[in-house]
There are 4 protein chains.
Amino acid sequence: MSALDTPIRRRRKDARPQELLDAALELFVEKGFAAARADEVAQRAGVSKGTLYLYYPSKEELLKAVIREHLSTRIAAGAALADQHRGSTSELLREVFGRWWQDVLDSPTSGVFKLVITEVRNFPDLAAFYQREVVEPGERLIGRIVQRGIDDGEFEPLDVACVVHSLMLPMVMCCLHKHSLGACAPHDDHFDPAVFIRSHIDLVLRGLARQTGRPVGRGAR
Amino acid sequence: MSALDTPIRRRRKDARPQELLDAALELFVEKGFAAARADEVAQRAGVSKGTLYLYYPSKEELLKAVIREHLSTRIAAGAALADQHRGSTSELLREVFGRWWQDVLDSPTSGVFKLVITEVRNFPDLAAFYQREVVEPGERLIGRIVQRGIDDGEFEPLDVACVVHSLMLPMVMCCLHKHSLGACAPHDDHFDPAVFIRSHIDLVLRGLARQTGRPVGRGAR
Amino acid sequence: MSALDTPIRRRRKDARPQELLDAALELFVEKGFAAARADEVAQRAGVSKGTLYLYYPSKEELLKAVIREHLSTRIAAGAALADQHRGSTSELLREVFGRWWQDVLDSPTSGVFKLVITEVRNFPDLAAFYQREVVEPGERLIGRIVQRGIDDGEFEPLDVACVVHSLMLPMVMCCLHKHSLGACAPHDDHFDPAVFIRSHIDLVLRGLARQTGRPVGRGAR
Amino acid sequence: MSALDTPIRRRRKDARPQELLDAALELFVEKGFAAARADEVAQRAGVSKGTLYLYYPSKEELLKAVIREHLSTRIAAGAALADQHRGSTSELLREVFGRWWQDVLDSPTSGVFKLVITEVRNFPDLAAFYQREVVEPGERLIGRIVQRGIDDGEFEPLDVACVVHSLMLPMVMCCLHKHSLGACAPHDDHFDPAVFIRSHIDLVLRGLARQTGRPVGRGAR
DNA sequence: AATGAATGAGGGTTCATTCAT
DNA sequence: AATGAATGAACCCTCATTCAT
């Protein structure tokens, strides 16, 4: 009965902003912000062009809303997962970090990475926002995990910042690939990101592992 | 007079297409294809808008010329370097592969990666071209090197395709970063790609190294 | 309950059209018809946009209703005043005509003059209506008064139509000024319409006065 | 030969701004700024919509250019005329002032008065500009003339500011009329501004004239 | 070959008007 | 009767492309 209480108009009105954000993300990621037409965003959200402007004052504000929507919350969720983890650092990275990126990749959020990479230079406020809300918290989070592994004697004491990048950049790249080359039709490209993500973490963990036998790498020459 | 005059004019005239390509790459990478204006390309190349259209029949053809220009040759050069190398596979990856990526990053070619990622979905021909001319040759090249390391007993017999991606995706990501967030003003971000590239290769090589002692990784549990 | 309820609601409902007309006049005069938005009219009248359209079928009809409302009645009132007057024609003009214009200027009707001037060319029906209902009756009324002054030997026998315009145009102009420059902020302009109206009538009456001494004006040369 | 030297394109280019200003004034005066469409301005100037924007960056800047173009120079020209005059103050007003207004009325400048009256409230910068560049210089100019007439004993010592307004407001009103009611089709309105202007100045001069016989006006009661 | 004035289709945005609630 | 969400035609402005010079 309470569901019936809410008139249809109102129910639709409440849903509109999200529907518009979803449509906008899809289209902006697909074509880029400049090439995406406002009417097409509206159409894909099932409304007319004018309706879009009832909810967002301009295409640019829509872009910012799209980006804001997706990023900050994701990072916070990742941090919570990491804090809750009980077990070895290797396990934490393999299980939690791997699954988290897999989830991001499967969700529309993956597109936001492409969007940010593509559009930061046209919207400089984005740079500061993204650096502050996404890059830095994310790197701090993974950095702390890696550092813990070193402190615990599980990992070699390598440069933490570099390890963080070694771990994360391929993940981000998977997101970008999914929405660029990976979205183009003739897929003889047998690249499977799920397999790769696990494999990559394993490889990095092997590289991080405290060496008991003879050392490997530059120092060995 | 014509003796002195001609060569100068001729040289400038011959240089026009290249100057236009350079300017176009710069601008397309900076703003994206759709947001870059044809006049600004011309202006940055030091010619008028009309001249641009004497050399390229449309903005879209200019884009394709820009991309064609940069990619195929780079890969061939990389392959030649690899073939000439004498020494261990680790050294080959560290020295040749590392330096080669450093060179790409320092050159305008790095921007092409951003451009391709950004624009493939709007220009589907690009996808096939890039896949065929860049991705596949590049992956084959690195794949062969990794395979050789395995065959020589220098590397663990891990999944070659995955290792190739672990090696390359961060490099590509460095290129993208340079032209997006990395180009935005407030750089307290102390990310140094040169350091990272070496560090990343080292880490991957550590992960690839044939384990003489107890094994590490998933299989160890 | 309904006994108390009904009259209040009824009163408000009955008042709606007038409130809308008032708000519309205000806004149309301020911004011009084309630049005034229908929602703002409704909002200023304290109702929603939809309600406006319950009372007036279109913005244009609202404009016409606004203009019709204000003009005809004013003239009739002026005529009645003139007919009732007892005394010299000079006194009639000074007292009745002056006070009447002062009242118009102080009332929202003053805005209608601006509105008509501004909008006639876009709404040609307005021209005929205004000419027939306002200009002609008004000029006839003042014309008759001036003629009486001449007939009585109080005024020189000048061209009546011209004298009528000399009397009235500045008054109309005061109305326009009030709603254009006069409504703009930095008023070091110490123009006081009340003083001017009296002064202007005096000046014109001096000019109209039957000359007993040597003649003045063009004929004197 | 020098006429042939200038290529047609260039000749047209030099003429465009003025052609656009003329068309814009015409249309803005006719329909009002908001109701005038940019394409129609362009069309009336014989160019396409895009061309308009090669010369003026926005419709609003076009409006400001139109107004700036017409006003300041007119006033300066009037002042020069007044300074050159030799003869009685009455003659100066009748001959110079009257002819000057007649010229304004016959020229497109007359429309600018309507435009300013109509649009000041939407463009507040206009108010200051118009007050400073037109109203004040104009009133000072006429004020000085009237004052001279008083000082010379030619005029009664009436309030100068009011006399100035009595002289000028009807003239401005004639300009407005020409572009509003006066421009509407069914002209049984036999109002002839040329006749009225002369008649009005005569009437005011009669009112200003030093009374040698018994005084007239309020003071007479 | 080079220019840059001109074009006009196209996209962002507004707003009068409608209509389901 | 009243509301305000929704519509879409229309308007301002941009910019890829053309072409006379």
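Given the structure is predicted, the values throughout are model-derived calculations rather than measurements. The basis for the numbers below is simple: all heavy atoms, side chains too, and nothing from hydrogens, waters or symmetry mates. Letters go in sequence order (proteins before strands), and every chain restarts at 1.
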**Request:** Searching all strands shown, indicate the nucleotide that pairs with F:dC11 (Watson-Crick or G-U wobble; both distances under 3.5 Å).
**Result:** E:dG12

**Request:** Once you apply the 3.5 Å cut-off to both distances, tell me the Watson-Crick or G-U wobble partner of F:dT18, or none.
**Result:** E:dA5

**Message:** Under 3.5 Å, is there any donor-acceptor pair linking the side chain of D:Lys49 to the base of E:dG10?
**Reply:** yes

Between [atom2] of [N] and [atom1] of [X], the distance in whole Å:
X: A:Leu20; N: F:dT7; atom1: CG; atom2: P; value: 10 Å
X: B:Gln43; N: F:dC15; atom1: CD; atom2: P; value: 13 Å
X: A:Glu40; N: E:dG12; atom1: CD; atom2: C1'; value: 15 Å
X: A:Asp14; N: E:dT21; atom1: CG; atom2: C1'; value: 15 Å
X: B:Leu27; N: F:dA16; atom1: CG; atom2: P; value: 10 Å
X: B:Leu52; N: F:dT18; atom1: CG; atom2: P; value: 11 Å
X: B:Asp39; N: E:dT7; atom1: CG; atom2: P; value: 17 Å
X: D:Leu63; N: F:dC13; atom1: CG; atom2: P; value: 12 Å

**Prompt:** Nearest nucleotide by nearest heavy atom, which residue falls closer to the 5' end of DNA chain F, B:Phe33 or C:Gly50?
**Reply:** C:Gly50

Can you measure from [atom1] ([X]) to [atom2] ([Y]) and round to the nearest 0.5 angstrom?
X: D:Lys31; Y: C:Asn122; atom1: NZ; atom2: CG; answer: 6.5 Å
X: B:Lys64; Y: B:Asp125; atom1: NZ; atom2: CG; answer: 4.0 Å
X: C:His179; Y: C:Glu26; atom1: NE2; atom2: CD; answer: 10.0 Å

**Prompt:** Which part of the nucleic acid, if any, lies within contact of C:Ala35, taking any heavy atom under 4.0 Å across all strands shown: a base, the sugar-phosphate backbone alone, or nothing?
**Reply:** nothing

**Prompt:** Checking all strands, does A:Ala42 fall into the base, sugar-phosphate, or nothing category for heavy-atom contacts under 4.0 angstrom?
**Reply:** nothing

**Request:** Would you mind checking if B:Asp22 and B:Arg44 are paired as a salt bridge, meaning a charged N to carboxylate O distance below 4.0 Å?
**Result:** no

**Asked** Mapping C:Ala36 and A:Ala38 onto DNA chain E by nearest heavy atom, which one lands closer to the 5' end?
**Response** A:Ala38

**Complete:** Walking DNA chain E from its 5' end, the first of A:Ser58 and B:Val47 to be reached, judged by nearest nucleotide, is B:Val47

Considering only [options], which nucleotide approaches the side chain of [X] most closely?
X: A:Arg37; options: E:dG11, E:dT14, E:dT7; result: E:dG11
X: A:Leu54; options: F:dA5, F:dT17, E:dG8; result: F:dA5
X: A:Arg16; options: F:dA6, F:dC13, E:dT18; result: F:dA6
X: B:Tyr53; options: E:dG4, F:dT18, E:dG12; result: F:dT18
X: B:Tyr55; options: F:dA2, E:dT13, E:dA2; result: E:dA2

**Message:** It should be established whether A:Thr51 places a side-chain nitrogen or oxygen under 4.0 Å from OP1 or OP2 of nucleotide F:dA6.
**Reply:** no

**Message:** Below the 4.0 Å mark, does E:dG12 have OP1 or OP2 next to a side-chain nitrogen or oxygen of A:Lys59?
**Reply:** yes

**Fill in**
Heavy-atom nearest pair, A:Pro108 first then A:His70, reads CB-CE1, 4.1 Å

**Item:** Residue pair D:Val66 / D:Ala24: nearest heavy atoms and the distance that separates them
**Value:** CG2-CB, 3.8 Å

